[in-house]
Amino acid sequence: MVQHSKSQNIIPTVLVHGGAGNIGYDTLPVKKYGIKLAARTGYETLMSTGNVVDAVQKAVEYLEFDPNFNAGCGAALTWEGKVEMDAAIMNGYDLNSGCVSVAKDILHPIALARSIMDKTRHSYLAGDGAMAYAKSDGFEILPEGALVTEKAKKALEGFKNNFGNGSGFEKPKTFGSPGTVGAVAIDAYGNVAAATTTGGITSKMPGRIGDSPVLGGGTYADNASGCVSTTGTGESIMRYNVASRILQLTENFGYTAQEATIKILDQMTERFKHEAGVICIDSKGNLGIYFNSRRMPWAYQRDGELHFGVDKGEDEVEIVG
């Protein structure tokens, strides 16, 4: 386990993203509003509890509750019009982790991942087993379809009309609108954590699992190297092991978080021709925010400054109390 002594050079920070992709101009105001509040929620949790794992969980839970993001309420739909969600959370202090896949009819899959991490002898549960555990642990099981939004229905209908082949089990010509939400955090002692939740991609096959719950693919945290949450086409992110590759550069080769995210994400895109986005904090507290998709909502808070953006090169700042 790696835990630093308190350093004046590390500023406690919570950094969140709301999913990389082709985000329409008309949705930018609600995306910015939601992502800012998620960052503030995570930061306030960090300041009140001192716990980076609590901070990333609460930031992600806020986005799971917001129907404008692809997680929880508002999650993308399978070919059959169902919601199946994946999530992972990881503590960089001891590498403890919780992952869940094919979670159904619960509002906060990240909370289920946290429960798996804290209360079971396993790190990963999926499908019927995960839902049986959720019931036994007292999670509210919502009526079937409660998380399905009209926006998600229209996205599925649009995908089928443009790219569908009538079954959902053959390879379509393109992936359906990927998107994820995630958070990373660091405290003054260098403790880090990461959390990621997703509804997956529109029109996915039932049972499909992307990179979000895969440690080293879409989510990872280690005090020795930093913390990462990714977003984009999970099949490519997972195959390229994006989170682990980024943190190898920060830990072993002296790259900053930003340098490492740019290098690895561009390498992945060159190899697989799929775009993605990354948020990262390295062990020294440097931030990495990079996406080669059209847009990615992101925000972070440290001290009294809240930074946020959606378009490339954008960095707006608000002073918060």
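Taking Glu64 as the reference, His108, Thr197 meet the side chain to side chain donor-acceptor pair (under 3.5 Å) condition, with sequence neighbours excluded. With sequence neighbours left out, the salt bridge (Lys or Arg N to Asp or Glu O under 4.0 Å) criterion links Arg40 to Glu44. Residues forming a side chain to side chain donor-acceptor pair (under 3.5 Å) with Asn68 (at least two apart in sequence, or on another chain): Asp66. By the side chain to side chain donor-acceptor pair (under 3.5 Å) test, Glu61 is found to be paired with Gln57, Lys58, residues two or more places apart in sequence or in another chain being considered. In this view, Asp54 and Arg114 satisfy the salt bridge (Lys or Arg N to Asp or Glu O under 4.0 Å) rule, not counting sequence neighbours. Applying the side chain to side chain donor-acceptor pair (under 3.5 Å) criterion to Asn91, with sequence neighbours excluded, gives no partner residue. Evaluation of the salt bridge (Lys or Arg N to Asp or Glu O under 4.0 Å) rule for Lys119 yields Asp137 as partners, not counting sequence neighbours.
Through direct or indirect side-chain contacts shorter than 4.5 Å among Ile, Leu, Val, Met, Phe, Trp and Tyr, Tyr220 is connected to Met90, Leu95, Leu215, Val228, Ile237, Tyr240, Val242, Ile246, Leu247, Leu249, Phe253, Tyr255, Ile262, Ile264, Leu265, Met268, Phe272, Val278, Tyr290. If you chain together ILVMFWY residues whose side-chain heavy atoms come under 4.5 Å of each other, Val14 ends up grouped with Val16, Tyr33, Ile35, Leu37, Tyr43, Leu46, Met47, Val52, Val53, Val56, Val60, Tyr62, Leu63, Phe69, Ile89, Ile110, Met117, Val181. The hydrophobic cluster analysis finds Val30 isolated: no Ile, Leu, Val, Met, Phe, Trp or Tyr side chain comes under 4.5 Å of it, directly or through other members.
With hydrogens and angles left out, the side-chain atoms of Thr233 and His274 include no donor and acceptor closer than 3.5 Å. For the residue pair Ser225/Ser283, the side-chain donor-acceptor check at 3.5 Å is not satisfied.
The two atoms that bring Ala221 and Ala194 nearest to each other are CB-N, 3.8 Å, heavy atoms only.
Taking the centre and axis of the six-membered ring of Trp79, the NZ or CZ atom of Lys204 falls outside the cone set by 45° and 6.0 Å.
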With a cut-off of 3.5 Å and sequence neighbours excluded, list every side-chain donor-acceptor pair involving residues 121-133.
unit_1 : atom_1 : unit_2 : atom_2 : d
Tyr124 : OH     : Ser101 : OG     : 2.5
Tyr133 : OH     : Ser115 : O      : 3.4
Tyr133 : OH     : Ser115 : OG     : 2.7

Result block: side-chain N/O donor-acceptor pairs under 3.5 angstrom for residues 313-321, not counting sequence neighbours:
unit_1 : atom_1 : unit_2 : atom_2 : d
Glu314 : OE1    : Val310 : N      : 2.8
Glu314 : OE1    : Asp311 : N      : 2.9
Glu314 : OE2    : Lys32  : NZ     : 2.7
Asp315 : OD1    : His307 : ND1    : 3.0
Glu316 : OE2    : Lys32  : NZ     : 2.8
Glu318 : OE2    : Lys36  : NZ     : 2.7

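At distances below 3.5 Å, not a single donor-acceptor pair connects side-chain atoms of Asn241 with backbone N or O atoms of Ser244.
Partner of Asn191 under the side chain to side chain contact (heavy atoms under 4.5 Å, CB included) criterion, chosen from Asn223, Asn51, Asp94: Asn223.
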